[in-house]
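Before any comments, here is the structure.
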Amino acid sequence: MQGPLPFAVLISGRGSNMLALAEAAADGRIGGRVTAVISDRADAAGLAAARRCGLATRVVDPAPGVDRAVFGRTLTEAIEQSGAGLVALAGFMRILDAAFVRRWQGRLLNIHPALLPAYRGLHTHRRVLEAGERMHGCTVHFVTEELDAGPAIIQGRLAVDSGDTETSLSARVQRLEHIIYPRAVGWFAAGRLCWRDGMAWLDGRPLANPVIEDAQ
Ligand code: GRF
């Protein structure tokens, strides 16, 4: 039996998903181990939180004017040095270059705060409220070169309440994020989830649709 899967988490902000993943790994809910928490911002609150948990941290700060490919190579070096075999993007606010995505293809996950393919991009909660949507949620997906367009693995889904604001919706979606991201990483670590022929496979079958986790 192999040991826990080493994985790196890339953050730019608060790092609540990173903490959810780290806690799930630490208490044995998933067969993984965080090798490094890497941020493009030295002031990311999640870095301090990671250090308090005893996790190794690293800042890969793109100097002004550095092109995306150079930044991507530096990032790859940092991930490789940590020994990670999986990369979890968790609120990492930089667009990654094609070479980086190809390097980690099939081992690069992201969490997005919407029910993809709806609401790719930024400000999803605001746009969902403005459009009067009844359902909203979050998606864990494999990352491909096209932003927020890789194969979806699992979605957390909730009903939008008439009294919801951007803040309340964001908090409720995040609670679901903290459930579905560890679940997806756990599947990957257990060898149940993989990338094959441009698709997400779970338990030996291609996922035509993501697994759905409805809010309780
Ligand atoms: C989450 O809402 C995630 O969906 C998006 O960025 C946010 C990161 O939040 N990609 P946190 O830093 O994990 O708290």
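Order of listing sets the numbers, starting from 1, for every ligand and every atom in it.
- At a cut-off of 3.5 Å, with distance as the only test, no side-chain donor of His112 or His141 sits close to an acceptor on the other residue.
- Counted by atom type alone, Arg14 and Gln174 present one or more donor-acceptor pairs between their side chains at under 3.5 Å.
- Ring-plane geometry between Phe92 and Phe71 is classed as parallel, the angle between the planes falling under 30 degrees on a 0 to 90 degree scale with a further cut at 60.
- In terms of protein heavy-atom proximity, atom 6 (O) of ligand 1 is nearest to Gly91 CA, 3.4 Å.
- Ligand 1 has an N or O atom lying under 3.5 Å from an N or O atom of Ile111, backbone or side chain.
- Which parts of ligand 1 touch Ser16 is read off a 4.0 Å heavy-atom cut-off, strictly below it: atoms 11 (P), 12 (O), 13 (O), 14 (O).
- At the shortest separation from atom 12 (O) of ligand 1 among protein heavy atoms lies Gly15 N, 2.8 Å.
- When His125, Arg14, His178, Gln174 are ranked by how near their heavy atoms come to atom 7 (C) of ligand 1, first place goes to Gln174.
- Heavy-atom contacts of Glu177 reach the following atoms of ligand 1: 1 (C), 2 (O), 3 (C), 4 (O) (cutoff under 4.0 Å).
- Distances between N or O atoms of Met18 and those of ligand 1 include no value under 3.5 Å.
- A salt bridge links Asp161 to Arg172: one of the charged nitrogens lies within less than 4.0 Å of a carboxylate oxygen.
- A donor and an acceptor atom, one from each side chain of Ser12 and Arg41, are nowhere located under 3.5 Å apart.
- Taking each heavy atom of Ala8 and Ile79 in turn, the nearest pair found is CB-CG2, 4.3 Å.
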